[in-house]
Amino acid sequence: MTIHQVLTTDYHTGGEPFRIVPEPPVAIEGATVAERRIFAIGNPDVDNLRKLLCFEPRGHADMYGGFITPPDDEGAHFGVLFWHKDGFSTACGHGSIALAVWAVQTGRVARDRSGITTVVIDVPSGRVTLRVHTADEQVTGVDFVNVPSYRLAERVTVATSCGDVVVDVAYGGAIYAHLDAASVGLAVTPEHYSDLIAIGREVKWALNNSEHARHPVDDRLSGIYGTILYDDLGTDENGNPYQRNVTVFADGQVDRSPCGSGTCSRVAVLAATGHLKPGQILVHDSIVGTRFHARIVAETAVDGHPAVVAEVTGKAYRTGEHRFELNPADDLGTGFVLR
């Protein structure tokens with residue numbers, strides 16, 4: 001690997017990191033972001049750049065980020081190739097929120113004087129729209145409008161070390177299994193962190209190659225991306241459903257935020273079961289106490305599946321800018337991970 005320097009801008013959305021690479025120093029080929037993802041998966045140079053920025057000592061096992069790419073066409077401002085410890089993902093809501101804030105703060109997308117600036121991004125799962133709200137030049141929130149989300153399978157039995165568990169499977173830009181944490185004697189709290197990871201990984205890998213994890217339209221989107229373990233906390237003071245979740249994705253990676261695409265997947269399940277109706281808001285907390293709000297903004301269908309378009313609202317903050325280096329004499333090279 002001949003890369004000696006990489007510039008990044010880092011954000012966090014609800015506590016979950018997102019490392020933005022505005023000018024990736026390697027070629028990422030393809031006519032669309034979806035094609036670039038497939039190229040990146042098989043290309044050593046792109047994958048080594050991912051490792052350099054994600055692995056220790058420059059990153060960690062729960063790092064997340066994205067390479068800025070051209071959009072699929074003139075209908076979007078730019079594209080992004082998402083990455084994490086184990087590879088390249090199809091969707092990332094928290095990353096999209098961070099990218100929208102970055103785009104407005106850097107002037108890549110001109111701030112609308114109305115106080116609401118629309119940012120359109122092409123991601124591997126499709127085109128997403130974000131609305132960045134500003135007041136006195138400060139970002140006050142971001143609405144993330146995702147691709148359509150829908151339930152793929154309900155009440156699927158999965159054999160685990162905790163016994164048989166029952167999950168729903170739903171798509172929200174990526175495919176997730178949904179498991180009630182209480183059904184395995186857990187709660188979504190930091191005290192149960194290790195056990196949540198363990199059961200989340202079991203469920204993911206048990207279902208990953210099953211018929212339940214098959215995307216109905218695009219096989220590039222197939223596979224269980226993560227397991228969403230949730231606590232049902234009843235309703236808030238306004239009668240809206242209130243839940244707490246942790247998303248265990250990739251191979252044991254933990255989302256510190258309430259998970260953007262995972263929240264959309266959760267909206268799809270709750271809509272399918274009648275627990276979230278148009279006009280209601282899902283109050284969705286994370287394992288570290290940060291919060292997203294989500295609602296249904298449209299109802300549609302995808303390949304015969306009743307679907308919803310979900311809007312997730314959250315905030316992102318810049319944490320720093322970095323100039324990473326790779327010394328050719330460094331025996332550790334692109335780094336390592338211990339989990």
If we ignore hydrogens and angles and just use 3.5 Å, is the side chain of [X] paired with the main-chain N or O of [Y] as donor and acceptor?
X: T263; Y: P258; result: yes
X: R19; Y: L53; result: yes
X: N240; Y: V283; result: no
X: R37; Y: P124; result: no
X: S125; Y: T90; result: yes
X: R256; Y: V254; result: yes
X: T129; Y: V120; result: no
X: R50; Y: H84; result: yes
X: D45; Y: V26; result: no
X: H192; Y: D195; result: no

Does D251 pair with K204 as a salt bridge, N-O distance under 4.0 Å?
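Answer for the salt bridge query: no.
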Looking at D73 and R127, is there a salt bridge between them, counting it only when a charged N and a carboxylate O are closer than 4.0 Å?
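A salt bridge links R127 with D73.
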Nearest heavy atoms of D303 and P216, plus distance in Å:
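Closest heavy-atom pair between D303 and P216: OD2-CB, 3.4 Å.
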Between L207 and A213, which heavy-atom pair has the shortest distance, and what is it?
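Looking at all heavy atoms of both residues, the closest pair is O-CB, 3.4 Å.
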Separation of H12 NE2 from Y317 OH (nearest 0.5 Å)
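The distance works out to 7.0 Å.
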Kindly determine whether F18 and H94 satisfy ring-ring contact (aromatic ring centres under 6.0 Å, His included), including the steps that lead there.
CA-CA 8 Å; F18 194 76; H94 93 271; 5.7 Å; yes
Flag for Q105-R318: side-chain donor and acceptor within less than 3.5 Å
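No - no donor-acceptor pair under 3.5 Å links their side chains.
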Sub-4.5 Å side-chain heavy-atom contact between L282 and F292
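Contact flag for L282/F292 side chains = no.
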Candidate list I224, T227, T247, test side-chain contact (heavy atoms from CB on, under 4.5 Å), partner Y176, passing option:
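Testing Y176 for a side-chain contact (heavy atoms from CB on, under 4.5 Å) against I224, T227, T247 leaves exactly one candidate, T247.
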Walk me through it: do V269 and Y230 pass the test side-chain contact (heavy atoms from CB on, under 4.5 Å)?
CA-CA 12 Å; V269 171; Y230 65 89; over 6 Å; no
Between Y150 and Y171 (judged by ring centroids, cut-off 6.0 Å), do the two rings come close enough to count as a pair?
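Yes.
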Any idea how H322 and F324 line up, ring-wise: parallel (<30°), tilted (30 to 60°), or perpendicular (>60°)?
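It falls in the parallel class, under 30°.
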Could you state whether Y64 and F336 fall into the same hydrophobic cluster, counting links through intermediate Ile, Leu, Val, Met, Phe, Trp or Tyr residues with side-chain heavy atoms under 4.5 angstrom apart?
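No, because Y64 and F336 fall into different hydrophobic clusters, even though each may have its own neighbours under 4.5 Å.
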For the pair L233 and Q243, evaluate side-chain contact (heavy atoms from CB on, under 4.5 Å) and give the outcome as yes or no after the intermediate values.
CA-CA 5 Å; L233 303 176; Q243 298 195 347; 5.7 Å; no
